[in-house]
Amino acid sequence: MADISLTLPDGNQRIYAAGVTGMDVAADISKSLAKSAISCSINGKHSDLSQAITENSDFAIHTMKDDAQALELIRHDAAHIMARAVQEIWPDVRVTIGPVIENGFYYDFDRDAPFTPEDLGAIEKKMREIINKREPVTTELWDRNRAIKYYEANNEPYKVELVGMIPEGENLRMYWHGHWQDLCRGPHLVHTGQVPADAFKLQSVAGAYWRGDSKNKMLQRIYGVAFKNKLDLKAHLHMLEEAEKRDHRKLGREMDLFHIQEEAPGMVFWHPNGWTLYRILQDYMRRRQIADGYLEINTPEVVDRKLWEASGHWDKYRENMFITEIDEEHANEKRTNALKPMNCPCHVQVYNHGLKSYRDLPLRLAEFGSCHRYESSGSMHGLMRVRGFTQDDAHIFCTEGQIAAETKKFIELLTRVYRDLGFDSFEIKFSTRPDVRAGTDEVWDQAEEALEAAIKALGLPYETDPGEGAFYGPKLDFKLTDAIGREWQLGTFQADFVLPERLGAEYVGEDGMKHTPVMLHRATLGSFERFLGVLIENYAGRFPLWLAPRQIVVAAIVSDADDYVLEVVEALRARGLRAEADIRNEKINYKVREHSVGKVPVILAVGMREVEERTVSIRRLGDKGSKVESLEAIVTELANEALPPDLR
RNA sequence: GCUGCUGUAGCUCAGAGGUAGAGCACUCCCUUGGUAAGGGAGAGGUCGAGAGUUCGAUUCUCUCCAGCAGCACCA
């Protein structure tokens with residue numbers, strides 16, 4: 001056989017006979033490398049060490065030191081080992097698929113009785129046994145028919161179905177972990193003992209549809225996490241605990257922000273603290289939008305079905321709309337109304353009132369529009385997914401030629417808003433024309449170019465998602481990253497060539513003829529509810545002063561200071577600060593603890609010393625100590641600090 | 001909507017076929033205390049809703065509602 005040349009990551013080249021395996025090369029380099037090797041990359045493709053190399057290639061050996069590869073393999077092999085363990089304990093369980101996911105893996109099984117938490121312990125134990133056997137992982141290429149016959153003989157219908165989906169003529173890779181075998185793309189570790197027995201944990205059991213389709217049978221999914229070592233696992237479990245602590249549903253209760261109750265699932269009862277936060281955010285958005293040339297409007301929430309039929313929503317989304325009938329006692333005519341699931345049809349009604357000229361464009365109509373959507377019972381989640389919500393919605397009516405400038409203007413607004421609210425980074429997803437769409441190719445060309453040009457003009461990175469646009473136009477989605485690295489899709493910007501026409505929106509152009517405007521749907525926060533959920537979790541409830549619903553508590557150390565406490569509160573309130581007095585019969589330790597737990601950013605403690613010197617002792621949330629300043633200085637300092645970013 | 005789990009005081013949770021308990025919070029009293037829980041007393045619950053089994057159900061069974069985890073969905 002001819003010789004081939006392998007280029008190692010350090011640039012060195014080595015010559016081997018064609019057909020050499022990664023393991024051969026590792027052994028040739030050093031004995032210890034052969035021992036620690038877990039996989040290799042051949043021309044950048046992550047491969048098994050047993051893979052034969054037949055041509056000149058860039059080549060790298062991976063060990064446990066290569067995080068990306070090591071974690072992928074550990075998790076992937078852990079999934080296989082888990083499946084093997086399950087089948088060893090319950091031979092009648094059918095296997096399906098088990099991929100690697102963030103931090104871990106899962107495997108879907110078909111089994112009559114669901115797994116219980118106790119089962120997970122038994123499976124973990126069996127997995128450790130398999131790991132401790134240190135059995136070699138081997139692989140073979142099979143042709144389709146052999147694989148189908150094999151799986152039919154072994155009563156694995158899901159595997160038969162999977163093999164059936166692989167194109168004719170393509171060989172399949174089969175892997176063995178000891179006697180247990182699975183169809184898999186690979187690559188895998190060298191032996192089962194390379195999965196760290198003390199660094200994985202089975203987390204939970206849940207149902208999942210076969211091939212992700214709700215028409216299919218529901219399988220039993222087991223989720224697990226796996227890491228390189230015990231410490232990483234512990235760190236991950238700790239991180240989960242931390243994330244739980246900042247859960248907005250928990251903080252919402254603790255900080256007395258809102259609640260949701262049985263009689264109105266998916267609808268929020270905002271408490272004084274939460275509504276203060278909501279209002280601060282809304283006032284801020286209102287100022288930002290007005291500064292950007294938006295005109296605020298307000299439209300009905302209950303609207304006759306005729307409008308939804310005209311807009312097309314009745315056909316497409318009726319199942320998700322709250323529909324009301326007016327009973328005959330109260331109406332001469334029986335009619336069917338729907339709670340608005342979105343604002344756009346109503347905004348077109350406002351636009352349509354009165355003849356519009358090209359001189360009126362772009363016309364930016366904004367509404368903090370209260371919408372209702374009947375979300376399925378299983379999808380609701382605190383404030384993040386609700387049935388009643390308010391969008392920071394606006395529709396920009398403009399000409400095709402104005403799309404680019406409006407896109408740019410909007411992205412600039414969104415960037416400012418996100419930054420002001422503590423989110424420094426976000427990603428843009430650009431979705432282009434789908435196969436089934438309305439509008440001519442020329443219009444799509446123009447709109448896609450306009451959107452893309454706007455992102456480029458701002459020098460922002462973005463990702464293109466071909467074919468993912470709405471049927472009525474291309475769109476941009478904005479995903480931000482919060483303080484603990486989670487991503488949230490909130491803002492959106494969508495061009496629409498369909499709705500204005502459907503609802504008869506027109507303007508008189510320079511040519512004196514009637515034209516149909518383009519409508520740009522856009523939201524920055526998305527919905528206030530969801531955004532506040534994200535905001536609460538991002539700050540873990542410890543809001544910057546301008547956002548904090550309770551900004552300052554003035555606490556008396558002795559009751560002789562009560563009058564002065566009230567005076568300080570008055571002085572703070574006079575400057576628009578949200579200040580409360582705490583003159584309860586409690587010790588200062590108690591008060592400090594309670595308000596710290598309540599995440600009040602500033603506690604001003606006053607005793608007789610402060611009364612006499614007209615000072616206050618200021619303690620900031622999270623600080624250990626306090627410092628004394630004059631009342632006058634504190635009021636000015638806090639008043640400045642509490643200004644919203646757009647007013648500074 | 002689907003699979004599984006859960007529903008007891010405002011919150012976190014314990015409990016049992018004979019009609020309920022703890023801690024914190026709340027109210028009152030004592031205490032005037034200098035930066036993360038001072039002491040005492042008291043009040044508070046149709047045990048998610050409905051039906052069934054039973055002499056008796058909050059406990060067992062069924063149905064429904066809601067929540068949680070995941071899946072599906074998300075204009």
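Basis for what follows: all heavy atoms, side chains included, without hydrogens, waters or symmetry-related copies. Because the structure is predicted, anything quoted here is derived from the model rather than measured. Note on naming: letters A, B, ... go to the chains in the order of the sequence lines (proteins, then strands), and numbering restarts at 1 for each one.
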Legend entry - Basic-acidic side-chain contact under 4.0 Å: A/Glu309, A/Arg318: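 The answer is no: the pair does not qualify as a salt bridge.
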Legend entry - Contacts of type side-chain contact (heavy atoms from CB on, under 4.5 Å), residue A/Pro157, not counting sequence neighbours: A/Arg94, A/Asn155
Legend entry - Short side-chain donor-acceptor distance under 3.5 Å, A/Asp393 and A/Asn343: yes
Legend entry - Per A/Ser376 side chain, nearest of listed nucleotides B/C2, B/C65, B/A72: B/A72
Inset, instruction - Check whether any side-chain nitrogen or oxygen of A/Ser377 sits under 4.0 Å from OP1 or OP2 of B/G1, and answer yes or no. - result: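 Answer yes for this pair, as a side-chain N or O of A/Ser377 is under 4.0 Å from OP1 or OP2.
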Inset, instruction - Return the nearest nucleotide to the side chain of A/Arg373; candidates are B/G38, B/A72, B/A75. - result: B/A75
Legend entry - Closest to the A/Pro341 side chain, choosing from B/A75, B/G33, B/C71: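 Looking only at side-chain atoms, A/Pro341 lies closest to B/A75.
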Inset, instruction - State, without any angle test, whether A/Asp108 and A/Gln220 hold a side-chain donor-acceptor pair at a distance under 3.5 Å. - result: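 Side-chain D/A pair, A/Asp108 to A/Gln220: absent.
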Inset, instruction - In whole angstrom, give me the gap between the C1' atoms of B/G38 and B/C13. - result: 26 Å
Legend entry - A/Met380 side chain, from C-beta outward: closest of B/G67, B/C2, B/A36: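 Output: B/G67.
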Inset, instruction - Side chain of A/Met218 only, please: which of B/G38, B/G34, B/C71 is the nearest? - result: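 Comparing B/G38, B/G34, B/C71 against the side chain of A/Met218, the answer is B/C71.
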Inset, instruction - Please measure how far the P atom in B/C60 lies from the corresponding atom in B/C24, and state the result in whole Å. - result: 30 Å
Inset, instruction - Select base, sugar-phosphate, or nothing to describe what A/His381 touches, counting heavy atoms under 4.0 Å on all strands. - result: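 Answer is sugar-phosphate: A/His381 comes under 4.0 Å of backbone atoms only.
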Inset, instruction - Determine the Euclidean distance between corresponding C1' atoms of B/U35 and B/C47; express it in Å to zero decimal places. - result: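 To the nearest whole Å, 42 Å.
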Inset, instruction - Would you mind telling me which of B/A36, B/U32, B/C65 lies closest to the side-chain atoms of A/Arg593? - result: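 Between B/A36, B/U32, B/C65, the one nearest the side chain of A/Arg593 would be B/A36.
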Inset, instruction - Give A/Asp213 one of three labels, base, sugar-phosphate or nothing, depending on what nucleic acid heavy atoms sit under 4.0 Å from its own. - result: nothing
Inset, instruction - Describe the nucleic acid contact of A/Pro114 in one word from base, sugar-phosphate, nothing, applying a heavy-atom distance below 4.0 Å. - result: sugar-phosphate
Inset, instruction - Using the C1' atom as the reference point in each nucleotide, state the distance between B/A72 and B/A14 in Å, no decimals. - result: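 B/A72 and B/A14 have their C1' atoms separated by 37 Å.
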Legend entry - Residue A/Ile588, side-chain heavy atoms: nucleotide from B/A36, B/U35, B/G70 that is nearest: B/U35
Legend entry - Length of the OH-P vector between A/Tyr317 and B/C73, whole Å: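 Result: 13 Å.
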Inset, instruction - Let me have RNA chain B in dot-bracket notation, would you? Count Watson-Crick plus G-U wobble pairs, both distances under 3.5 Å, and use [ ] for pairs crossing earlier ones and | for inter-strand partners. - result: (((((((..((((....[..)))).(((((.......))))).....(((((..]....))))))))))))....
Legend entry - Pair A/His236-A/Phe227, ring pair (Phe, Tyr, Trp, His ring centres under 6.0 Å): steps then yes or no: CA-CA 9 Å; A/His236 178 253; A/Phe227 294 88; 4.9 Å; yes
Inset, instruction - Please state the P separation for the pair B/G15 and B/G21 - nearest whole angstrom. - result: 15 Å
Legend entry - Contact under 4.0 Å: A/Arg619 side-chain N or O vs B/A36 OP1/OP2: yes
Inset, instruction - Tell me what A/Gln220 touches on the nucleic acid: a base, only sugar-phosphate, or nothing, going by heavy atoms under 4.0 Å. - result: sugar-phosphate
Inset, instruction - With P as the reference atom in both, quote the distance from B/A25 to B/A41 in angstrom, rounded to an integer. - result: 15 Å
Legend entry - Listed nucleotide nearest any side-chain atom of A/Arg385, set B/G33, B/C74, B/A36: B/C74
Inset, instruction - Indicate yes or no: does A/Lys479 engage A/Glu487 in a salt bridge with an N to O separation below 4.0 Å. - result: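 Salt bridge: yes.
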Inset, instruction - Pick base, sugar-phosphate or nothing for A/Gly625, based on heavy-atom distances below 4.0 Å to the nucleic acid. - result: nothing
Inset, instruction - Give a yes or no on whether a salt bridge exists between A/Glu427 and A/Lys429, defined as a side-chain N under 4.0 angstrom from a carboxylate O. - result: no
Inset, instruction - Using the C1' atom on both, measure B/C5 against B/G10 and round to a whole Å. - result: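 Approximately 25 Å lies between the C1' atom of B/C5 and that of B/G10.
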Inset, instruction - Using the C1' atom on both, measure B/G52 against B/U6 and round to a whole Å. - result: 23 Å
Inset, instruction - Respond yes when some side-chain nitrogen or oxygen of A/Asn589 is under 4.0 Å from OP1 or OP2 of B/A36, and no when none is. - result: yes
Legend entry - Spacing between A/Lys599 atom NZ and B/A36 atom C1', to the nearest angstrom: 12 Å
Inset, instruction - Have a look at A/Lys591 and say if it touches a base, only the backbone sugar-phosphate, or nothing, with a 4.0 Å heavy-atom cut-off. - result: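 The residue A/Lys591 makes no contact with any strand.
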Inset, instruction - Please report, rounded to the nearest Å, how far the P atom of B/A72 is from the CD atom of A/Glu375. - result: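 In whole Å, B/A72 P lies 16 Å from A/Glu375 CD.
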Inset, instruction - Look at all strands and tell whether A/Tyr590 reaches a base, only sugar-phosphate, or nothing, counting heavy atoms closer than 4.0 Å. - result: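 Sugar-phosphate, no base atom in range.
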Legend entry - d(CG, A/Leu240; P, B/C68) in whole Å: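 Interatomic distance, CG of A/Leu240 to P of B/C68: 18 Å.
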Legend entry - A/Arg609 CZ - B/U32 C1' separation (whole Å):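 Atom-to-atom, A/Arg609 to B/U32, this comes out as 15 Å.
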Inset, instruction - Check each residue of residues 243-257 of chain A for a non-hydrogen atom within less than 4.0 Å of any atom in RNA chain B, then write out the ones that pass by number, or none. - result: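 Here the set is A/Arg249, A/Arg253.
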Inset, instruction - Have a look at A/Tyr472 and say if it touches a base, only the backbone sugar-phosphate, or nothing, with a 4.0 Å heavy-atom cut-off. - result: sugar-phosphate
Inset, instruction - Look at the side chain of A/Val558 and decide which nucleotide, out of B/G48, B/U32, B/U35, has an atom nearest to it. - result: B/U32
Legend entry - Shortest side-chain distance from A/Tyr209, nucleotide among B/A72, B/U35, B/G34: B/A72
Inset, instruction - Please work out if A/Val205 contacts a base, only the sugar-phosphate, or nothing of the nucleic acid, heavy-atom cut-off 4.0 Å. - result: nothing
Legend entry - Closest contact, heavy atoms only, A/Gly467 versus A/Thr432: N-OG1, 3.1 Å
Legend entry - Check: B/G34 base within 3.5 Å donor-acceptor of A/Glu610 side chain: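 Under the 3.5 Å cut-off, the side chain and the base do form a donor-acceptor pair.
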Legend entry - Near-ring test A/Phe493/A/Phe478, centroid separation under 6.0 angstrom: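 No, too far apart.
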Inset, instruction - Would you indicate whether A/Glu632, at its atom CD, is surrounded by more than 12 heavy atoms from other residues, nucleotides or ligands within a distance under 6.0 Å? - result: no
Inset, instruction - Evaluate the criterion side chain to side chain donor-acceptor pair (under 3.5 Å) for residue pair A/Thr96 and A/Lys159; output intermediate values, then yes/no. - result: CA-CA 6 Å; A/Thr96 65; A/Lys159 290 291 179 185; over 6 Å; no
Inset, instruction - Classify the nucleic acid contact of A/Tyr106 as base, sugar-phosphate or nothing, counting any heavy atom under 4.0 Å across all strands shown. - result: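 Contact class for A/Tyr106: none.
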